[in-house]
Structures are given as structure tokens and as C-alpha cells.
Peer 1: 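Input: one structure, supplied below.
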Amino acid sequence: MAEYDPQRIESKWQRVWEEKGVFRASDGDSARQKYYVLEMLPYPSGTLHMGHMRNYTIGDAVARFKRMRGYNVLHPIGWDAFGLPAENAAIKRGIAPREWTNANIAQMKAVCRRFGFSYDWQREISTCEPDYYRWNQWFFLRMLERGLAYRKRSRVNWCPQCQTVLANEQVIDGFCWQHDATPVEAKEIEQWFLATTKFADDLLESIPRLEGGWPERVLRMQENWIGKSRGARVKFAVESANTTLEVFTTRIDTIYGATALVIAAGHAKLDELLEGVQGRAAMDAQIKSMLQRSTKAADIATAEKEGFFTGRFAVNPFSGDKMPIWVGNFVLAEYGTGAVMCVPAHDQRDFEFAKEYRLAIKVVVQPVSGERLNAERMAEAYTEYGRLENSGEYSGLGSEEAIGKMAADAEAGSFGRAETTYRLKDWGVSRQRYWGTPIPVVHCAIDGIVAVPDNELPVRLPENVTITGQGQSPLASVPEWLNTTCPKCGGPARRETDTMDTFVDSSWYFYRYTDPRNSSAPFDKAIAAYWFPIDQYIGGVEHAILHLIYSRFFCKVMNDLGLVNHREPVTRLFSQGMVLKDGAKMSKSKGNIVGAIDIAEKYGCDTGRLYTLFAAPPEKDLEWSEQGIEGSARFLNRLFRLIDKHGPRLKTVASQTAANAGAATPKEKLLVRRLHQTLKRVTEDFETRWHFNTSIALIMEMVNELVAQEPLDQNVTPATLKSVLEGLVLMLSPMAPHIAEELWEMLGHGDGVYSQKWPRYREDLAREEQIEVPVQVNGRVRARITVAAGVAEEDLKARAMSDSHVGPLIAGKQIVKVVVVPGKLVNVVVR
RNA sequence: GCGGAAGUGGCGGAAUUGGCAGACGCGCCAGCCUUAGGAGCUGGUGGCCGAAAGGCCGUAGGGGUUCGAGUCCCUUCUUCCGCACCA
């Protein structure tokens, strides 16, 4: 009698896999179909918790399943090693970012190995290594050459106390994370941008091609993020000034209802407008205060509506109305034209602004049906389309028609035109930080901004830099690094001290896995062409927008560069749910972590894997339960005991199904049928739905059935029993691979599960002979009848009507209809 | 605020195509076994009425479509996630 000892079994089989190199992918293998399955690369925060493990366990189950199905599987892992937390550690604990990061990587790698994930470790990458980030720089230079990388002024969060730029994360309720009495200000500085908006249409138009392979919700979120909106620009003349203000609107049909113009505090023409107006000083103070607030979108959107009248007026080009010009905090300088027409009756934000500042509300669109709107009685804006009124020659038109006609008339009158805008902004990649990829340009007094030549890459990050979290960018304080010569004129120059957003690293890393040690190119085109596109990408829904849009953008740029032959990197995306503890996302900062290593030590990693797959379908959030995992541990113990009990006498027997053996006993038929029914549904779950929780439930039911059929040494031949147990073990193996290997060996096999094929499902062996069919009367179940599986519709109907429970209920009633769903149900409708 | 999801027993969840609501697991209850253990085994477990047979109610709330709705439609509510410098 052996005991299930997960620690012993797990290290034993991990050693075997490692020695035999069974998880190595083979580049360009044309004999097998390739399958590239990838989990999003982790940030090495130091702790791997069960939230991470869920992600990798899903990917690993799929990778192992696909190998059993005969695919050449690429399943790599690496580290997203640059980023803010390493600098925070340096500030708080005086550890060098590289040292901290590498220590974390070593720790996390040990955990990944402890869990036995089937990674091809030979392809491991770490983005903070020069041989990786060198290619970030290379890509940046290619974009610079094509005008896709450029500089412009933009606003950042600034802590006046630290004298440094803050990340959004470091802004807490409008205050600096280090100084909770110091309000964060906004400051405008020159930064590098990548022109993602040049690909806005491309990114949007490819979305239909991702349909089916990507989660619906991710595609909808991306569409909204790109935010294409068709509308119109309209020019308003400013009264007694030789200038105009342009607004962007999607609802030009409501323009007769505009009762003000509202412009952003950061609008370029604001200075000019305020020239010589009364009370200028007070206005400047208000503008300054509006501009100084946090740059977070959510902060801006939820702020109280605030504004002031500039003292100037504009003229509505359609109605000729004179409209006050206001400055408002809800108008964004970066979106559209930085100015809006304020139509309180037909836009909710305008409505609120008008209520606050007592601006006129003028109804110009009436609902096509229902109660007429009355400006005095409105409690909220009417934003639907409708029929125009009080709109001059356009009165009576429907909104849709009016939008087309008014845009065309604006264009004819040279005071506007139809236009499409996007909500998507260019990607700001500059970071005034140390622990990131140096942007490979120099600033020369003579030649301006000059690219570092390819053959001088990588521009290495200097080591031994003191990180204080205060003052200017840390790189500016390293003179021997900062001061260099201009590649063009040879004169003195200064290096760019901004580093890149770490999203750059993660936008193309999956290509590097195909050819991770290449020192002359980011990757070999032919090898990447073999593996790409990624067949299955798996990650958290929190990456639904940024990472995945940036990755798609990079792919399109790489396609234009001729590096890849496709324009979308990922065929199928799976967004797994979060792992929650006490109702909140597991995270180090909240302190609600269930450490992966603790689980492995307490229960073994197979139990940890099984539980994360069993507790919820993978796309849903999972609430961690310490009691729940006990159930998974019990199940594996139970299975181990079952096979330990029967294994010894089956070891030397050749397996054979009952059907192949000829005369089968009812018990054999039952067991074989149960195996094939389970196999059918588990295979389907793996191929299509990925509902591992139901797969495991089915396997549990099968084990329960086997135990219920004890004694299994009676009325079952050892050959049949062995085949049933083998099927069971193979089905479980992608999810709990170590115990599966052990059980496989206990059944007498010298070769590993890792070299086995997925068992073949046979319809004829799965078929039931008898089925139970519920019979309803007026939609309520009144009886259940047992009939032969292939029973004819008429016979089923007759059996149902004559059933002893059903008969009395329908006797003497008028039978309206009888619904027969073959094999499913009978419903007798009576009156 | 904008955008995206999700609401089913005491709990995690199942019901794949509109067809038996609650599979499987946790917890709980009762019993068995025992070298007394947080082990194993057997049975029970949505609510209400009933001795039972059985009946009625029940998938966040309200309304609708249908022979039939957890599933489809309308509407209200609640919770969670993202919002561009966290990764």
C-alpha cells in the first residue's frame, strides 16, 4: 500500500521531463502541425500567487493536450523585467533595480519549475537584458525613420515636493504617494510619442477578422477605445476679433440649440481670446488651477463641472445667434478640437453645465413619438435622434438627414466640413525614469536630435545609479553616460535621458521567443513565419486594451517593415478571470495573496492546478477557498488509492476494451460506456469550450462510478479494467500531469504519459441502450419514462400518454398539442 | 462620467442548441470504522406544506415572447473590471 506523496512524485517526474527534454519546440518541423500557445509574460514582482498560476495552468493544460494531439507545440515563458516597482524598491530599500529584479526572477522561476509547467526553458527571455532591449531601440529607430516616432509637448503629473514626474499609480486621490499633503500638479514637458493614430483605421478594420477567435467583450472594448466617430467641424467667428473657434460635434443637427461655446483650459487660442478682457487676472488663476489638476481620465470625468465666462462671444454660423464663450473643465484639449458647442437640451454634460451656470436651454430636437420636450421641465438632456424644430430651414428634418445636409452646407459655406475623429491617442512612450530601455537618440547643439546608429546599439543603461525618486530623470545625473558625441558631426552631445514605457517591451516579445538568441536581428523571418501567428494567447482581461492594442500596432509596423507576413499577431485570445481572495483581486499591495509555493508545499502542485481549473470556468473570476482546495486534494488521494489497489494485478496485463473482448458483462459494458461518455465530453471541453471545471467534474463522476462498482476484480476482466483506468489517467494528465505520470507507471507502463496520444473516443461504445425521458403536462414534469435509446417519435408519444401518472391528468381534457423532442422530452398541452 | 462584464442553494459552480434547475465540489447533519485523525467509508442536504404519496414556490426585482425561459426581448437595481505613466 503506497501513499500519495505529491512532493516525491512531482520532483521525480519533473526530473524525467527535464532529462528527456520533452517540452522543447522544434523550429520549422514540417512533419507536424505547429501550435503556438502563450501566456502573457509576468512582471517579476517577486511573488507568484495563485492568480498567476491560474493563467499558466490553463496554458499548460492546453499545451499538454495539444502535444497529445500530435502538434509541435511552442510554449515559452519570459520576464517583463523593466518597470516602476524595481525603482520603488531601490528608493525604499536601497537595492539596485537589476539586483532586485534578477533575484525576483530567480525566485519566480523556481516556483514555475516547482509547478512543472511544460515550458521550453531554452527560450526564456528577460526584457531588461541588453540583448533584448537592444531590439526595442532598433524598432524605435525604424519608427523614427518613418516619422512614426516624434516629440511633442504633453502634460504629466508633477509632485512639486519631489520635483519629479509621477506615474498615475503614484497619484492617490490627487496627492503624491510620498507626500499626502502635497497636491499633484500637471506640468507640460516634451515627450516622445509613437503614432498609433496613423493605424487607427487599420486597427479598427481588422477587428472583424478577429471575431470568433477573440472574446467579444475585448473586441467591443477595443472598438470603443479607438472610438471612431463621424461628425463635423464647425467654425464659429469670434465677435469683434479677427479669429475663429472650431468645434467638433457628432450632433451638428442640434446646432440651433447651442447656447454657449465651451473650450478647454489648455486651448491654444485661449490666450489670444482673453487679450484685454475684464478680470483677466482672476481668469488666469482659474485656468492655472484647472490645468494643474491630475491628468487621470477618471479624475477629470468625475470632477464637478466647473467653468467661467470669458467675456467674449461667438457667432453661430447657422443661426447667427450670439453665444457666450466659456472655459470648462470637462472639455479635453487633446480630443477633437478642444472646443465644443454647448447644447444643454441634447447633451447630458452640457445640460449639467448649463444648470450649474444658468445657461439657456433650447430644445431643437423633438422625439418622433411620445411627449413633447419642454425646456423648463426637462430633468435631463434628450440625446436621442428625433425631428428638428426651431432650426431655420432645417426644421422638420429627421436628425439623420439633417446631419448630412448641415455638414454639406457648412462645407459649401466654408465654415465647416464632415470629419472623422478618433478617441485613440498617440502612444506616449517617454518615461522620466531609470529602469527602462534608453531611447536611442542624442541631442546635439548643431544637428538637433540625432539617431544612434544601429551598429552602436544597444545604448546600455549605466549601472550603479542612485535612485532617489526625486528631482530630474536619474539618467541625467550620470555625466559619463549622459555626455557623448554626435554621430553626425562628432561634436559634443547629450544622450536622451527618457526611457521607454515598458509596454514597448511587451509589444513584440512573443516574436523573440521564436529566435531568442539572435544577435543580428530581432528574430529570423523564416522561423517567425513558421510559428506565427500565435494560435492561442492567454491573459487577464485587464490587458484587453492597452497591451493588446500596442501589440497589434507593433505587428502592423513590423509588417510594413517586411519583417513579418501577417498583420495580426494573435489568432485566438483567451481572457481568463481574476483570482479573488476575500472579494478582491489578489495583489501584493492588498496583502491578500495565496502564495503558489505555499500551495505546492501543502498540497502538491497537481492539487493546486486541479483546484484552480475546477473552482470556476476559466473566463470567470475565481474566489479562492482554502476549504475548496481540500476537495481537490481528497479527489487525487481517492484516485491514487483506487489505482494503487488494482494496479499491481493489472501491471502485466495487456489492456483491451470490453467490446473488443467479445462477450462483455453488464458491469464491463457500463464501465466502458462511462469511459467513452466521459471521453467525449472532456475532449469537447478541451477542443472548444475550455470548461476544465466540467471536465474535472466528469472525471470525478467517473471515479465515483468506479468506486461504486467495487469489487472491480469481479465480473470485469483485468484487461478491460486496465483500459478504463488508462483512459481515465490520460484524460486527467493535462491538468494534473505529475500524478498522471505516476499512475501510468503504476499501471505497468515504462514509457511516460508525455509520449502518449490522447485517447480516441468511440461513439458505439458511448451509446446508452435505455434513456429516461421526462413527460410534462402543460409544462410541468409529471412522470419519467424509461425507453429504448432509439425509440420512434410515435412510440415515445404513445408511451408518454399512457403512463400511469399522465393518463389521469389528461383524461377527459381536450388535447391541444403534444410536443415531442426525440430523446429529450414530451410535453402534452391540454385544456 | 465613459466603456466592458456579471448576478442561480449556506458557499464555488452545472445546465454546451429555448427542453428534467441545482451535476461536481465545499460546508453542514446523521451514522459506520478507528492505532482518536483536520484521515477513510455510507446516507441526507433549495424553500414552504405534508406522516407519506405528493403539491406549491424558486435562477437579483418587474414586465413580455413561447407548449416550454436561468437561457430570448424590454426595464429597474446591485456588484466587479478598465480608463492611456502599475504591469
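Chain A is the first sequence line, chain B the second, and so forth, proteins listed ahead of strands; every chain is numbered from 1.
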Peer 1: Report which part of the nucleic acid A:H543 touches: base, sugar-phosphate, or nothing (heavy-atom distance under 4.0 Å, all strands).
Peer 2: base
Peer 1: Would you classify A:V828 as touching base, sugar-phosphate or nothing, given that sugar-phosphate means primed atoms plus P, OP1 and OP2, and contacts are heavy atoms under 4.0 Å?
Peer 2: nothing
Peer 1: Applying ring-ring contact (aromatic ring centres under 6.0 Å, His included) between A:F692 and each of A:F686, A:F614, A:Y611, report the one that passes.
Peer 2: A:F686
Peer 1: So what's B:rG40 paired with, Watson-Crick or G-U wobble, going by both distances under 3.5 Å?
Peer 2: B:rC32
Peer 1: Regarding A:N55 and A:Q576, is there a side-chain donor-to-acceptor distance under 3.5 Å anywhere?
Peer 2: yes
Peer 1: Expressed as a whole number of angstroms, how long is the span from A:H52:NE2 to B:rA87:P?
Peer 2: 14 Å
Peer 1: Could you check whether A:N704 gets within reach of a base, just the sugar-phosphate, or nothing at all, counting any heavy atom under 4.0 Å?
Peer 2: sugar-phosphate
Peer 1: Only pairs with both distances under 3.5 Å count, Watson-Crick or wobble alike; so what is the partner of B:rA6 in this structure?
Peer 2: B:rU78
Peer 1: If anything within 90° of 0 is syn and all else is anti, what is B:rG9?
Peer 2: syn
Peer 1: Go through the side-chain N and O atoms of A:R638 and A:N704 and say whether any donor and acceptor fall under 3.5 Å apart.
Peer 2: yes
Peer 1: Pick base, sugar-phosphate or nothing for A:R155, based on heavy-atom distances below 4.0 Å to the nucleic acid.
Peer 2: nothing
Peer 1: Distance between the C1' atoms of B:rG38 and B:rC28, in whole angstroms?
Peer 2: 16 Å
Peer 1: Expressed as a whole number of Å, how far does the P atom of B:rA21 sit from that of B:rC57?
Peer 2: 13 Å
Peer 1: Do A:H543 and A:S506 come close enough that some side-chain heavy atom pair is under 4.5 Å?
Peer 2: no
Peer 1: Using the P atom in both, what is the distance from B:rG62 to B:rU71, to the nearest Å?
Peer 2: 13 Å
Peer 1: To the nearest Å, give me how far apart NZ (A:K602) and C1' (B:rG38) are.
Peer 2: 9 Å
Peer 1: Between B:rG44 and B:rU59, how far is it from one P atom to the other, in whole Å?
Peer 2: 26 Å
Peer 1: Report which part of the nucleic acid A:V171 touches: base, sugar-phosphate, or nothing (heavy-atom distance under 4.0 Å, all strands).
Peer 2: nothing
Peer 1: Quick one: A:M702 CE to B:rA23 C1', roughly how many Å, whole number?
Peer 2: 17 Å
Peer 1: Could you give the CZ-to-C1' distance, from A:R780 to B:rG19, as a whole number of Å?
Peer 2: 15 Å
Peer 1: Are any of the side-chain heavy atoms of A:E352 and A:F330 separated by less than 4.5 Å?
Peer 2: no
Peer 1: What's the verdict on side-chain hydrogen bond (donor to acceptor under 3.5 Å, both in side chains) for A:Q170 and A:Q178, showing C-alpha distance, side-chain angles and the deciding distance?
Peer 2: CA-CA 8 Å; A:Q170 298 171 316; A:Q178 305 272 48; over 6 Å; no
Peer 1: When only distance counts, do a donor and an acceptor, one from the side chain of A:Q432 and one from the base of B:rC85, lie under 3.5 Å apart?
Peer 2: yes
Peer 1: Is any side-chain nitrogen or oxygen of A:K425 closer than 4.0 Å to OP1 or OP2 of B:rA84?
Peer 2: no
Peer 1: Name the pairing partner of B:rU71, where a pair is Watson-Crick or G-U wobble with both distances under 3.5 Å, or state none.
Peer 2: none
Peer 1: Should B:rU65 form a Watson-Crick or G-U wobble pair with both distances under 3.5 Å, which nucleotide is its partner?
Peer 2: none
Peer 1: Sticking with atom P, work out how far B:rC73 lies from B:rG55, rounded to a whole angstrom.
Peer 2: 33 Å
Peer 1: Report which part of the nucleic acid A:K824 touches: base, sugar-phosphate, or nothing (heavy-atom distance under 4.0 Å, all strands).
Peer 2: sugar-phosphate
Peer 1: Counting any heavy atom closer than 4.0 Å, what does A:P617 reach on the DNA or RNA strands: base, sugar-phosphate only, or nothing?
Peer 2: sugar-phosphate
Peer 1: Output yes when at least one side-chain N/O atom of A:R423 is less than 4.0 Å from OP1 or OP2 of B:rA84, else no.
Peer 2: no
Peer 1: Do any side-chain nitrogens or oxygens of A:R433 fall under 4.0 Å of OP1 or OP2 in B:rA87?
Peer 2: no
Peer 1: Work out how far the C1' atom of B:rG47 is from that of B:rG10, and round it to whole angstrom.
Peer 2: 13 Å
Peer 1: What's the CD-P distance between A:E684 and B:rA15, to the nearest Å?
Peer 2: 12 Å
Peer 1: Taking only the C1' atom of each, what is the distance from B:rU79 to B:rU8 in whole angstrom?
Peer 2: 16 Å
Peer 1: Closest approach to the side chain of A:L424, judged atom by atom: which nucleotide of B:rA23, B:rA84, B:rU16 is it?
Peer 2: B:rA84
Peer 1: Rounding to an integer number of Å, can you tell me how far A:E626 CD sits from B:rC26 P?
Peer 2: 14 Å
Peer 1: If the test is side chain to side chain contact (heavy atoms under 4.5 Å, CB included), which one of A:V541, A:L548, A:I538 qualifies with A:S575?
Peer 2: A:V541
Peer 1: Base, sugar-phosphate, or nothing for A:S506, non-hydrogen atoms under 4.0 angstrom?
Peer 2: nothing
Peer 1: Could you check which nucleotide pairs with B:rC48 in any of the strands shown, counting Watson-Crick or G-U wobble with both distances under 3.5 Å?
Peer 2: B:rG55
Peer 1: Looking for any heavy atom pair under 4.0 Å, which part of the strands does A:Q170 touch: base, sugar-phosphate only, or nothing?
Peer 2: nothing
Peer 1: Within the 4.0 Å heavy-atom criterion, would you say A:W427 contacts the bases, only the backbone, or no part of the nucleic acid?
Peer 2: nothing
Peer 1: Hey, is the side chain of A:R431 poking within less than 4.0 Å of OP1 or OP2 on B:rC85, counting only N and O atoms?
Peer 2: yes
Peer 1: When we call it a touch if two heavy atoms are under 4.0 Å apart, what does A:S625 touch: a base, just sugar-phosphate, or nothing?
Peer 2: nothing
Peer 1: Just how far, in rounded Å, is C1' of B:rC26 from CD of A:E623?
Peer 2: 13 Å
Peer 1: Does any donor-acceptor pair link the side chain of A:E710 with the base of B:rC41 at a separation under 3.5 Å?
Peer 2: no
Peer 1: Both distances below 3.5 Å, Watson-Crick or wobble geometry, any strand: find the nucleotide opposite B:rG1.
Peer 2: B:rC83
Peer 1: With a 6.0 Å cut-off on the ring centroids, do A:W508 and A:Y132 count as close?
Peer 2: yes
Peer 1: Please work out if A:G428 contacts a base, only the sugar-phosphate, or nothing of the nucleic acid, heavy-atom cut-off 4.0 Å.
Peer 2: sugar-phosphate
Peer 1: Once you apply a heavy-atom cut-off of 4.0 Å, does A:L698 come out as touching a base, just sugar-phosphate, or nothing?
Peer 2: nothing
Peer 1: So what does A:L546 touch, heavy atoms closer than 4.0 Å: a base, only the sugar-phosphate, or nothing?
Peer 2: base
Peer 1: May I ask which nucleotide in the shown strands pairs with B:rG25, Watson-Crick or G-U wobble, both distances under 3.5 Å?
Peer 2: B:rC11
Peer 1: Taking the P atom of each, how far is B:rG13 from B:rG64, in whole Å?
Peer 2: 31 Å
Peer 1: Regarding B:rC67, can its base be found pairing with the side chain of A:N827 as donor and acceptor, where the two atoms are less than 3.5 Å apart?
Peer 2: yes
Peer 1: On a heavy-atom basis, which atom in A:W192 and which in A:E496 lie closest, and how many Å separate them?
Peer 2: NE1-OE1, 2.9 Å
Peer 1: Rounded off to whole Å, could you give me the CG-to-C1' distance for the A:N224 and B:rC83 pair?
Peer 2: 12 Å
